[in-house]
Amino acid sequence: MSGVVVTNPPKADAEDVEALAAYGVATVSEAMGRTGLLGPGIRPVQQGVRLAGTAVTVIGWPGDNLMIHAAVEQCGEGDVLVVTTTSPSTDGLFGELFATALQRRGVRGIVINTGIRDTQELREMGFAAWSRAVSAQGTVKATGGSVNVPIAVDGQVIRPGDVIVADDDGVVIVPRERARQVAEASEAREQKEAATRAAFLEGQLGLDRYGLREKLKELGVTYQSYEAYTAGERP
């Protein structure tokens, strides 16, 4: 398998990336019309971490981490490494030594569509990781692949320079040219939710705030006392 390492691809503006870092994955996805999410199979190896960064993408061979070595050189401050393989793999392609090299270059974390290992060490060193699996299975360095090309994970196309937002809920991809617009939409959604939260703290019900009583009526949902229901009465 031949490949290519693309250097200096365009990236989302750093200010827009930092703005997106303030919001959770759920908020960002909702702000994009419930799009951009990777599947629930990509899970964090730590808890309580939220990050946003620009993608450096890798596609390699199952059980082979050669192209991750090639990608390290292309990574810089504020990046997130995003790795997939040409076919499904759960081998441990990434571990503490890679994280050490990436952390030295200012990389914020990794999203990998395969296995990861050395998870305790990753947590201890504060290197954030989201992976498809945890596996101690080792790998080889034998087959070519590509760096900084468009890749696909769980039906989402990820291009170099797109924004990766990740937290305990998962991972969402924000196209680089939409970063500012999505950050603004996320802020608007946060303000709306803050108002709703305040209303709930005052005792308002979602049934009333969202106008759902009429919806229940339209759907034929009725209210009955326990006595009437257990007596077999039906509206």
Side-chain angles (χ1 to χ4, degrees), residues 1-14 16-17 19-21 23-44 50-62 64-68 70-72 74-76 78-90 93-94 102 107-116 128-133 143-167 169-186:
M1 176 182 177
S2 60
V4 61
V5 176
V6 179
T7 61
N8 300 315
K11 295 183 178 183
D13 185 83
D16 298 332
V17 176
L20 284 166
Y23 308 110
V25 165
T27 295
V28 173
S29 177
E30 292 281 357
M32 290 197 298
R34 298 181 180 175
T35 63
L37 286 173
L38 299 191
I42 303 287
R43 301 303 306 150
R50 177 186 295 171
L51 63 74
T54 45
V56 172
T57 60
V58 180
I59 183 166
W61 203 255
D64 191 317
N65 65 8
L66 174 61
M67 296 315 297
I68 299 180
V72 172
Q74 304 305 315
C75 290
D79 285 334
V80 175
L81 190 63
V82 186
V83 181
T84 193
T85 49
T86 56
S87 60
S89 173
T90 58
L93 267 67
F94 184 93
L102 290 173
V107 173
R108 295 177 176 174
I110 183 170
V111 175
I112 186 165
N113 192 29
T114 69
I116 203 167
W130 286 255
S131 70
R132 177 72 61 185
T143 313
S146 294
V147 176
N148 278 335
V149 299
I151 63 174
V153 177
D154 290 343
Q156 298 294 333
V157 174
I158 307 165
R159 302 167 304 164
D162 285 347
V163 184
I164 309 298
V165 182
D167 62 16
D169 291 340
V171 180
V172 64
I173 314 303
V174 180
R176 57 183 182 251
E177 65 274 11
R178 295 186 60 194
R180 177 167 299 183
Q181 178 260 322
V182 173
E184 292 172 351
S186 296

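Throughout, residue positions are numbered sequentially from 1 according to the sequence presented. Because the structure is a prediction, the values reported are computed rather than measured.
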Got [X] and [Y] here, is their nearest side-chain heavy-atom distance under 4.5 Å?
X	Y	value
V17	R180	no
I110	F94	yes
I164	V171	yes
V6	V149	yes
V83	V111	no
V56	V82	no
T84	T114	no
I151	V58	no

Of the non-hydrogen atoms in [X] and [Y], which two are nearest, and what is the gap between them?
X	Y	result
M67	I59	CG-O, 4.0 Å
G170	W130	O-NE1, 3.9 Å
A55	N148	O-OD1, 4.3 Å
I116	S131	CG2-OG, 3.3 Å
G161	T54	O-CG2, 3.9 Å
S146	G3	OG-CA, 3.4 Å

Ion pair [X]/[Y], N-O distance below 4.0 Å:
X	Y	value
E30	R34	yes
R159	E177	yes
D16	R176	no
R43	D169	no

- Message: Would you say that more than 12 heavy atoms from the other residues, nucleotides or ligands in this model lie under 6.0 Å from the CZ of R50, or not?
- Response: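 Buried by this count: over 12 neighbours within 6.0 Å.
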Using atom types as modelled and distance alone, determine if a side-chain donor or acceptor of [X] lies under 3.5 Å from a backbone N or O of [Y].
X	Y	result
W61	L66	no
S29	A26	no
N65	L93	yes
R108	A52	yes
D167	G24	no

- Message: Apply side-chain contact (heavy atoms from CB on, under 4.5 Å) to residues N113 and T85 and explain how you reach the verdict.
- Response: CA-CA 7 Å; N113 192 29; T85 49; 5.7 Å; no
With rounding to the nearest 0.5 Å, note down the distance linking [atom1] in [X] to [atom2] in [Y].
X	Y	atom1	atom2	answer
E184	R178	CD	CZ	12.0 Å
Q74	T57	CD	OG1	10.5 Å
L38	I173	CG	CD1	4.5 Å

- Task: Report the C-alpha distance between K11 and D162 in whole Å, list the side-chain angles of each, state the deciding distance to 0.1 Å, and finish with yes or no for salt bridge (Lys or Arg N to Asp or Glu O under 4.0 Å).
- Result: CA-CA 6 Å; K11 295 183 178 183; D162 285 347; over 6 Å; no
